[in-house]
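Please read the structure below before turning to the comments.
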Amino acid sequence: MERRFGLRGQVDLPAVQHMDGFSHECRIVDISARGLVVQRTKALAERPSRLTYRLELPIDGGERRIQPVARPVSTEGLLEAMRYVGVDEIE
């Protein structure tokens, strides 16, 4: 996962990854304007990869949330690098 362009930040943020009608708690460990790296649970990592994922990230101390849609670009163990396809804000 060394194909990095632009500024990136090492973070430890809670997130929710939605898949097959279920919400899976995960962590964002790296983030940039173009994408992010998600540390998934073992159970989630064992599932087949999808074309896109809907994520949910809290902002402003959890008062608001954004929902990026992202596509996977690489996977290494529990880590999955994703590039944003679109982003929606939820009030």
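Going from atom CG of Leu79 over to atom SG of Cys26 covers 11.0 Å, rounded to the nearest 0.5 Å. Taken to the nearest 0.5 Å, the CD atom of Glu80 stands 8.0 Å off from the OG atom of Ser74. Atoms CZ and CE, on Arg47 and Met19 in that order, are 5.0 Å from each other to the nearest 0.5 Å. Rounding to the nearest 0.5 Å gives a distance of 8.0 Å between CD of Gln39 and CG of Asp12.
Within the 4.5 Å cutoff, no side-chain heavy atoms of Arg40 are placed close to those of His24. At least one side-chain heavy atom of Gln17 sits less than 4.5 Å from a side-chain heavy atom of Met82. In this structure the side chain of Leu36 reaches within 4.5 angstrom of the side chain of Leu55, judged on heavy atoms.
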- Message: Set out, in order, the CA-CA distance, both residues' side-chain angles and the distance that settles side chain to side chain contact (heavy atoms under 4.5 Å, CB included) for Ile28 and Leu57, then state yes or no.
- Response: CA-CA 9 Å; Ile28 305 300; Leu57 292 83; 4.0 Å; yes
- Task: Verify side chain to side chain contact (heavy atoms under 4.5 Å, CB included) between Val38 and Tyr53, making sure each step is shown before the conclusion.
- Result: CA-CA 11 Å; Val38 177; Tyr53 293 98; over 6 Å; no
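Formation of a donor-acceptor pair under 3.5 Å by the Arg50 side chain with backbone atoms of Arg71 is not found in this model.
Of all non-hydrogen atoms in Asp30 and Val11, the two that sit nearest each other are N-CG2, 3.9 Å. The shortest heavy-atom contact between Pro72 and Ser49 is CG-OG, 3.5 Å. For the pair Pro58 and Pro14, the tightest heavy-atom approach, listed with the atom from each and the gap, is CD-O, 3.3 Å. Smallest separation of non-hydrogen atoms from Ile59 and Arg65: CG1-N, 4.3 Å. Residue Pro68 comes nearest to Tyr84 through the heavy atom pair CB-CD2, 3.8 Å, listed as atom of the first residue, atom of the second, then distance.
Cluster membership check: Val16 does not share its hydrophobic cluster with Ile66, using side-chain heavy-atom separations under 4.5 Å among Ile, Leu, Val, Met, Phe, Trp and Tyr. Linking ILVMFWY residues whenever their side-chain heavy atoms come closer than 4.5 Å, directly or via other members, leaves Leu78 and Val37 in distinct clusters. Residues Leu13 and Leu44 share a hydrophobic cluster, clusters being chains of Ile/Leu/Val/Met/Phe/Trp/Tyr side chains in contact below 4.5 Å.
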